[in-house]
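For reference, the structure is listed below as structure tokens.
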Amino acid sequence: MDGQDSLAWQVKVAIVRCLRMPIKPEEIQDDLPLFGEGLGLDSIDVLEIVLEMQRTFGVEITDEHVGKRVLRSVNTIVEFIDESRRAAG
Amino acid sequence: MDDLTLAGRVAVVTGGSRGIGRAIAVALAERGASVAICYREREAAAEETAGLVRAHNVGVLVAQCDVADEASVGRFFARVRTELGPADILVNNAGIVRDGLFVYMKRERWDEVLATNLSGAFLCTRAAARDMLLRRWGRIINIASASAEAGQIGQASYSASKAGLLGLTRTLAREFGRQGVLVNAVAPGLIETEMLAGLSADQRKDVLRAVALGRVGAPEDVARVVVFLASPAAAYITGQVIAVDGGLF
């Protein structure tokens, strides 16, 4: 169980909020695949999440390959945010 | 509140130096929007448009930009953002014609038209859309043409580029709809501009036969519809093509 101040928790809250999903953030496991089997998101949801990541965490995804790598699970999103923040110093 | 107010909005009109683009820039300013216009070659005409915009006491930016050139588009939108703020309204109006019968049409001429009219809209939309999406408000209005759907002899490249804009309009309406960014097209028919001035009196008479109102339109007729689509009054309209052609069917 995440602490409610962890980055993973904030990412889950952001996902549930932007997709208006009828589930609670705690129901999303850190390594659950977001697309296809798993959380079952589709291509139009990609835009929602990409924009929400920029609005909430200030990280910009502008490339499809990066998007595919990053938007796999909460874990990969957290890694990307950490990476971006380290790069920005 | 006035349903057509654009106070506080930032609008970008490509190809704003004359004709329909000028009328659109001025009409948006009249409703309170700050307006950035770009021109490719006609600096003096663009400055004249800027003067007409400024008369409405709104922010104005006029800059040289070739919409077919990615770097040029990047520089233009960076300036818009710094000097006026991120764009709320984008009017993809910049367009050129290189008419000629298809059998004589050179590849270079075809490419030139597609690069400005269609790829230009792509590049400008890409430069502006993300800010709109992030803020969940935006209006993109593509200036197409009656010839997009009807076709016109000698206008293969122009018609194809304008028909391309209709596909872009409908696709982006779907992709951006949930984010509050509305995308529509306006399809002018025969409008009194330099593009039309090339017709002979006979050709003019000929084409007017097909217009229900029996006369050509003014750039302001098109501008009014653009203002409407950009305004709060059009909040539930997206993916549409509005013909402003005096009944050309």
Side-chain angles (χ1 to χ4, degrees), chain A residues 7 10-25 28 33-36 38-72 74 76-85 87-88, chain B residues 9-10 12 69-82 85-90 119-140 142 167-184 235-240:
Chain A
L7 188 52
Q10 292 169 30
V11 168
K12 292 174 193 178
V13 170
I15 291 173
V16 169
R17 181 180 55 227
C18 78
L19 299 176
R20 298 177 196 91
M21 299 182 86
I23 59 168
K24 296 194 173 97
I28 306 175
L34 299 178
F35 294 88
L39 203 54
L41 305 186
D42 61 22
S43 62
I44 193 76
D45 297 325
V46 172
L47 177 64
E48 301 261 6
I49 298 181
V50 165
L51 293 169
E52 194 61 29
M53 292 303 115
Q54 192 169 346
R55 287 182 195 119
T56 310
F57 304 104
V59 293
E60 203 173 345
I61 303 171
T62 53
D63 178 273
E64 188 172 1
H65 293 293
V66 175
K68 281 196 170 141
R69 174 170 66 79
V70 171
L71 301 181
R72 274 192 206 141
V74 170
T76 56
I77 293 175
V78 168
E79 278 165 28
F80 179 71
I81 296 171
D82 276 338
E83 260 171 44
S84 306
R85 286 181 174 171
Chain B
R9 299 290 183 198
V10 174
V12 175
D69 177 346
E70 190 167 354
S72 177
V73 169
R75 283 193 298 274
F76 174 54
F77 279 88
R79 271 194 70 188
V80 172
R81 197 183 230 276
T82 323
D88 301 296
I89 300 160
L90 169 63
S119 301
F122 160 71
L123 291 172
C124 292
T125 301
R126 210 181 46 172
R130 207 166 173 111
D131 280 331
M132 296 181 189
L133 294 165
L134 286 169
R135 289 174 299 132
R136 296 195 177 88
W137 200 98
R139 300 291 165 90
I140 298 168
N142 295 318
L168 183 69
T169 299
R170 295 188 179 113
T171 300
L172 294 185
R174 288 188 197 280
E175 286 196 21
F176 296 170
R178 288 203 245 166
Q179 308 294 337
V181 176
L182 313 186
V183 189
N184 291 289
Y236 201 55
I237 301 176
T238 194
Q240 301 305 305

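The sequence lines fix the lettering, A, B, ..., with proteins before strands; numbering per chain opens at 1.
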Can you tell if the side chain of [X] reaches within under 4.5 Å of the side chain of [Y], non-hydrogen atoms only?
X	Y	value
B:R130	A:V50	yes
A:E48	B:Q179	yes
B:L133	A:Q54	no
A:L19	B:R178	no

May I ask you to check whether over 12 heavy atoms, not counting those of B:E70, lie within 6.0 Å of atom CD?
-> no
Check whether more than 12 heavy atoms from other residues, nucleotides or ligands sit under 6.0 Å from atom CZ of B:R174, and answer yes or no.
->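 Result for CZ/B:R174: open.
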Side chain / backbone / both / neither for A:E52 at chain B, heavy atoms under 4.5 Å | side chain
